[in-house]
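Taking it in order: structure first as structure tokens, then the write-up.
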Number of protein chains: 2
Amino acid sequence: MVNTPNTLRLLAMPALWMGAVQFLFGAVALVLHDDSIAESFLIPGGLTLLAAGVLHLVLRTRIHQISYRDALVFATLTWVLTGVLGALPIRAVTGVSFTDAVFESVSALTTTGATILSGLDDLPATFLMYRQFLQWMGGLGVVIFVVAVLPMLNVGGMRLLKAETSGPVKDDKLSPRITHAAHSLWLVYILITLGCALAFFLGGMSVFDAIAHSLSTVSTGGFSTHDASLGHFDSHLILNIANVFMLLGAISFGLHYRILQTRQLSRYWRDEETRVFLLSVAAISLLLALYLLWHQRYQGFWEALSFATFHLVSFITSTGFGDQDLTSWPVAAPVALILAGYLGGCAGSTAGGSKFIRNIIAFKTVRSDTMRLLHPAAVKEIRFQRQIVAPDIRHAVMAFFSFVAASSLLFTLALMGTGLDLLSAFSAVAACLNVLGPGLGQVGSNFAVVSDTGIWLLSAAMIIGRLEYFTVLALLVPAFWRY
Amino acid sequence: MVNTPNTLRLLAMPALWMGAVQFLFGAVALVLHDDSIAESFLIPGGLTLLAAGVLHLVLRTRIHQISYRDALVFATLTWVLTGVLGALPIRAVTGVSFTDAVFESVSALTTTGATILSGLDDLPATFLMYRQFLQWMGGLGVVIFVVAVLPMLNVGGMRLLKAETSGPVKDDKLSPRITHAAHSLWLVYILITLGCALAFFLGGMSVFDAIAHSLSTVSTGGFSTHDASLGHFDSHLILNIANVFMLLGAISFGLHYRILQTRQLSRYWRDEETRVFLLSVAAISLLLALYLLWHQRYQGFWEALSFATFHLVSFITSTGFGDQDLTSWPVAAPVALILAGYLGGCAGSTAGGSKFIRNIIAFKTVRSDTMRLLHPAAVKEIRFQRQIVAPDIRHAVMAFFSFVAASSLLFTLALMGTGLDLLSAFSAVAACLNVLGPGLGQVGSNFAVVSDTGIWLLSAAMIIGRLEYFTVLALLVPAFWRY
Ligand SMILES: [K+]
Ligand SMILES: [K+]
């Protein structure tokens, strides 16, 4: 069975962290003399700090050893707990229902970026920055807390790493170095964020917008301070800056760290996953641009390429920033973008989706198995980054895609059961499972139209997607609780 | 390289057969004094017979040995050739374009049952029966010609069997017995068809309608002589008769044959694939009925169950008969039916879709691989019908589903590119790849709205689906042509 004191003790940490953040935002609001906002942050923040502190003191047990099971339960509950705690100021400030506030909070922390709010431009600046910061913190959580901190605790943590954030073989590649680099990963994350904020500022954004959007770009979260998202700025320069930093946010932060150490930029290219990811981005962007030109949606090649590239990068990195009105595009294009969201970025990054390492292994597996069907003498093994991929990893990857397909179909049917049409239900589910954000059709601008049942389902989908299916699935397997 | 004389010699057989059928229908029209119809059949039928006869005489080479490659090329070209030949009378009688006529003909022969025609009730009886007969012949082709005749030719044919009609391990189960039973399989097919026609007649259909619908029921083709399909008869009894014979058509004809020999009905239940298939039909029908009741679409339980069962059986067996107006159902229900079409019937039957043998092996594979992820000591092997499933078969099954998913996504995007919306494009593609027939949305009643490009794509999709992906795919793999 699960070690409850251990789990509670571990859960006190993210709670303390969330309480501190809310307290900080309350203090900022006080400085800005925005008393009602300050109250909305200080009260939940203070209560959370108090409760977590008490828990921390009561359960003085030192955590020597957490089991694989404890780690999985902890990972899942962390998202649930921080989702609920993060929702309290959202509810207090905007007056939305508890259901919607939890959705917004989970959407922020999982770096999904789907929203039930509209009229963003009129909301208080402190509150807007809080939303952006939740995304940044969620991205940091994925990169640091789970990739680096938990594995250091014990062996169970290492296995969590395998189930959770990284790709199927990434732990083998990264973990020895990551354990040493743990303290530096967050530095890389902050450095890239600062670079992004500076670039946005030089590109023409206000200081506030530059910081706000850097937080949701590097975390591939996609929240904006404007209803029109990046379309607000009406600038190809801004789009191109966003492209660069969304791509950086979707590449392994372990790789960024090693490149920062070694100063060898060529390592990006020598990394098979990154190389295939970047080549795919270039190829699909070009195809999309040609498609838009063919349908005469844009007149000039460069205009079409710029918009195509931005939207493809936004969707494939699971950021979800918007610019052009996608309903004005030929119908296949937005659906293709949603499907690109299923591809995802690279493992060990903040991006969602399936991750290119899995796409590559699945592609090579299917190709190899097909060749063997035709010619039994064909080579059986497949290689990734020159290493032979073990059968267990190939099987795990194929199982992963089965979960992606099954979850997508079942959630889509369930969402249609709440009254959405196919396009809306499918895109809403894809937006949440891949922590992507924007939907199409009835959920094209925000998720306000979805019923309460639908909102809870989508909140669950975001957590399932962020934990990459296995973690949550393991909790649902009866045998898991028996061992 | 492909042995061209061999392939041409083999292709003369289906051409002769098609010519003879058309000649026969022309003769029937003459007897009925319908001269313009007679001409539409006699001319293409006569020319086809002549050309095929000449080919047959010129290429006197005896076929001692056909290679695996020849067999695959032959299987693919058979559908293309008979599709084109079968289209000639359709074009002559209805005046539709060549593109649409080929679609209708391919749709008939592959037992898909999608149509570009409307106003069926007003078309000449001879022509309507020709459409129905093409479906029956197509179903017979799948059951006999490929399952029984080709394997007897040589070893290459045996491998074709594996790639084409039967499920992934069905050849091991059936082939030794099927080789003996070859001559009897068509008898089983005819017996079940006669039983179906008799039942429909006793159920209240006219003799013409009873025969016409028996041809498209046992072949799981789904063509009707009425625009309203089975809804024309407004009878629960007719629906229930159709249920029985659609299910029989979707169960292995090899199994039917063995049961006819042994008189052991319990063999249906002892066959794992058939058992899971029937249990799934019962379970999903019940769920669908409860869903319809919950949405108050029907008032009584039995009415809801009858309609739910009929439509589920119609879709899961890939027959595609219609009755109720599906647009009046809650939106999730028709989409769920389309997804049921992906499940399909049993291997060795006329049904399309993925087939339950593959569903079962894929489910067990994913379950086993997931358990092993959680507990490396978990049992590795999986069993089907008490036999251990070889790794190569598991891999082939997972590769199969990858092709299903990839084909569905790419064809859907391509169809959206021709102007259909998501629901219409997705359902049209699913209807064709699974040789199912009916679509939703813009293709809800017929496929007339689809552009010429779209129609050719869908015609290709039907052949790819009927040949279960591998056959056509193999032809696209460059290495295939090198060996
Ligand atoms: K996102
Ligand atoms: K059909």
Side-chain angles (χ1 to χ4, degrees), chain A residues 68-69 72 162-163 291 294-295 330-336 339 342 362-363 365-378 391-392 394-396 398-399 401-403 405-406 409 412-423 425-427 440-441 470 473-474 477 479-480 483, chain B residues 68-69 72 159 162-163 291 294-295 330-336 339 342 362-363 365-376 378 391-392 394-396 398-399 401-403 405-406 409 412-423 425-427 440-441 470 473-474 477 479-480 483:
Chain A
Y68 182 39
R69 200 182 302 114
L72 289 188
K162 191 166 180 176
Y291 182 66
W294 181 47
H295 276 263
V331 282
V335 173
L339 294 178
Y342 274 101
F363 177 79
T365 297
V366 171
R367 189 180 58 183
S368 152
D369 290 341
T370 307
M371 292 308 292
R372 272 176 59 77
L373 264 180
L374 299 177
H375 311 291
D392 272 3
R394 296 167 56 165
H395 293 160
M398 297 307 280
F401 281 103
S402 308
F403 297 139
L409 294 178
T412 298
L413 278 182
L415 263 287
M416 290 187 80
T418 72
L420 295 183
D421 62 38
L422 177 65
L423 181 70
F426 159 71
S427 62
L440 304 172
F470 284 118
L473 190 94
V477 172
F480 173 79
Y483 280 74
Chain B
Y68 182 40
R69 200 182 301 113
L72 289 188
R159 295 188 54 192
K162 191 166 180 177
Y291 181 67
W294 181 47
H295 276 263
V331 282
V335 173
L339 294 178
Y342 274 100
F363 176 79
T365 297
V366 171
R367 189 180 59 183
S368 152
D369 290 342
T370 307
M371 291 308 292
R372 273 177 58 76
L373 263 180
L374 299 176
H375 311 291
D392 272 3
R394 296 167 56 166
H395 293 160
M398 297 308 281
F401 281 104
S402 308
F403 297 139
L409 294 178
T412 299
L413 279 181
L415 263 289
M416 292 188 78
T418 73
L420 295 184
D421 63 38
L422 176 66
L423 181 69
F426 159 71
S427 64
L440 304 172
F470 284 118
L473 191 94
V477 172
F480 174 78
Y483 280 77

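The structure displayed is predicted, hence computed values, not measured ones.
Partners of Ala336(B) according to the side chain to side chain contact (heavy atoms under 4.5 Å, CB included) rule, which considers only residues two or more places apart in sequence or in another chain, are Leu413(A). Looking at residues two or more places apart in sequence or on another chain, you find a side chain to side chain contact (heavy atoms under 4.5 Å, CB included) between Ser402(B) and Val366(A), Met398(A).
Across Ala332(A) and Tyr291(A), no two heavy atoms sit closer than the pair CB-OH, 3.4 Å. Closest approach of Leu339(A) and Leu409(B) over heavy atoms only: CD2-CD2, 3.9 Å.
Using a 4.5 Å cut-off between heavy atoms, Leu415(B) does not touch chain A at all. Neither the backbone nor the side chain of Phe401(A) has a heavy atom closer than 4.5 Å to any heavy atom of chain B. Heavy atoms closer than 4.5 Å to chain B are found nowhere in Leu440(A), neither backbone nor side chain.
Counted within 6.0 Å of CZ on Phe403(B), heavy atoms from surrounding residues, nucleotides or ligands total more than 12; the atom is thus considered enclosed.
With respect to chain A, the highest number of heavy-atom pairs below 4.5 Å among Thr418(B), Thr412(B), Asp421(B), Leu423(B) belongs to Leu423(B). Chain B forms the most heavy-atom pairs under 4.5 Å with one residue out of Gly441(A), Pro391(A), Ala405(A), Ala399(A), and that residue is Ala399(A).
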